[in-house]
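For reference, the structure discussed in these notes is given below.
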Amino acid sequence: MNKITNHMPTAELQALDAAHHMHPFTANGALGKKGARIMTQGKGVWLTDSEGNKIIDGMAGLWCVNIGYGRPELGEVAKRQMDELSYYNTFFQTSHVPAIALAAKIAELAPEGMNHVFFAGSGSEANDTNIRLVRRYWDIKGQPEKRVIIARTNGYHGSTIGGGSLGGMSGIHAHGGKLAGIVHIGEPNWWEQGGDMTPEDFGLMRAQELEKMILNLGVENVAAFIGEPIQGAGGVIVPPSTYWPEIQRIVDKYGILLIADEVITGFGRTGNWFGSQTFGIKPHIMTIAKGLSSGYQPIGGSIVCDEVAAVIGTDEFNHGYTYSGHPVAAAVALENLRIMQEEKIVEHVRDVAHPYLATKWAGLTEHPMVGEAKLVGLMGSIALTPNKATRAKFAAETGTVGYRCRERCFANNLIMRHVGDRMIIAPPLVIKPEEIDVLIERAWKSLDECYAGLKADGLFK
Ligand SMILES: *Cc1c(COP(=O)(O)O)cnc(C)c1O
């Protein structure tokens, strides 16, 4: 077989892709007929595809390329580490410098009292670790019946059987099932579900579902609550201001463990190192992945507080991955964090990029079909609606309009995703003001085109 290169014609690459490559979260038959868009290069916030289009990436890949594409330092570190010690495990009483250094760096950046890291290869794996970790914690404490984990509808915690079960997406549960011992409460999604309540009252009500669930199950059966500070894959749902303080009050009152899934919100996305800091949450465990390495290597983990780590450490924990703390991935993640710190990328989000984007993003609500615009740090969403006052849905299946809008964005060389009829962005954190201008200009153009198409097709009513 010939070497497969970037220089093959797009159609040939697409045919091979269709013949052999099973894409995640995709109807592969339909994609095979249409042909995948093939990315060939990345630099900063820009991608190039096999047709030579220059695309601005409003999603940082899958929420992960925080420092932007194509930083040569990471490749150099990877090469050096492969040459020096390409692999060794961290089982059997051994360790190595990259895992040690990365764990220590993460402990330095994490909130006070969170000084321990269990490494995984991804966010999903890390959440699988968390299921076992919290149950093991209560075993050792002499309360083995505390096993139930409470999560949220429309939360996303990955796609392994554990991560998918913690997540509250019925489409995922429908394909392969859901683990026992995980239950879901409602999400703090005021726009879709708040009815006539104020966002604040609705946020309180949704948080209090946690208390009701704990009492229903019996606190003696509940191990933990897990939530994303801001739901990402669920549509960048920013909770009302009342939500997290009430969750914290309930978790504290009943003494259950709190897991903050920071896979997206970690490493600068919200304008602080962690979303928990932005929302004043005090978790026992934080799930990390994505921005930890800016996607240059697959690596994730669980940041564990001192008390939980001490309890777990009193006995053997029969859990681990061949690639836990993989030296190349760890070295690359460490270099990513060095760049984040030295180039003050979190400060850039907070002081430059967020304030600059915030006014323009809010300005999108002047568009006839944008009902609300939310932005925390560099994580934003807009709700598409035919009636802003009633927050109405379109007269088409949910997601139809969002999908059409996303297709216009793609055609205009902007990557913006849709979740239902919400459009979402999470650009690389290094995005510059002039690049934000391009993003906003293309977003307006795409919205205008989508709007015109909907009117022509009689869908805007
Ligand atoms: C992406 C994501 C995960 C899963 O991470 P993978 O690396 O894809 O396994 C878990 N939690 C949240 C909040 C995520 O956004």
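All ligand and atom numbering here is 1-based and tracks the order in the structure.
For ligand 1, the atoms sitting less than 4.0 Å from at least one non-hydrogen atom of Ile264 are 15 (O), numbered in the order shown with element in parentheses. Atoms of ligand 1 lying under 4.0 Å from at least one heavy atom of Tyr156, given by number and element, are 1 (C), 2 (C), 3 (C), 11 (N), 12 (C), 13 (C), 14 (C).
Where the criterion is an N or O separation shorter than 3.5 Å, residue side chain and backbone included, Gly123 meets it with respect to ligand 1. Checking only distances, Ser124 does come within under 3.5 Å of ligand 1, N or O to N or O. Ligand 1 has an N or O atom lying under 3.5 Å from an N or O atom of Asp261, backbone or side chain.
At least one cation-pi condition fails for Arg408 and Phe410: the charged atom is not both under 6.0 angstrom from the six-membered ring centre and inside a 45 degree cone around its axis.
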Derivation and outcome, ring-ring contact (aromatic ring centres under 6.0 Å, His included), residues His319 and Phe118
CA-CA 10 Å; His319 176 68; Phe118 193 103; 5.3 Å; yes
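Nearest heavy atom pair, residue Val263 against residue Ile288, reads CG2-C, 4.0 Å.
For Glu228, every heavy-atom contact with ligand 1 shorter than 4.0 Å involves the side chain, none the backbone. Contacts with ligand 1 closer than 4.0 Å are made by side-chain heavy atoms of Lys290 only, the backbone lying farther away. Proximity of Trp63 to ligand 1, defined as any heavy-atom pair under 4.0 Å, is not found for any part of the residue.
Between Lys360 and Glu435 there is no salt bridge, since none of the side-chain N atoms of the basic residue sits less than 4.0 Å from a carboxylate O of the acidic one. Between Lys141 and Glu307, at least one side-chain N (NZ, or NE/NH1/NH2) sits under 4.0 Å from a carboxylate O, which counts as a salt bridge. Salt-bridge formation is not detected for the pair Glu209/Arg152: no Lys NZ or Arg NE/NH1/NH2 atom is positioned less than 4.0 Å from an Asp or Glu carboxylate oxygen.
From the protein, the heavy atom lying nearest to atom 10 (C) of ligand 1 is His157 C, 3.4 Å.
Considering each of Thr287, Val263, Thr265, Leu292, the one bringing a non-hydrogen atom nearest atom 3 (C) of ligand 1 is Val263.
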Contacts table for residues 221-230: side-chain donor-acceptor under 3.5 angstrom, sequence neighbours left out:
residue, atom, partner, partner atom, Å
Asn221, ND2, Leu217, O, 2.7
Glu228, OE1, Gly232, N, 2.9
Glu228, OE2, Tyr156, N, 2.8

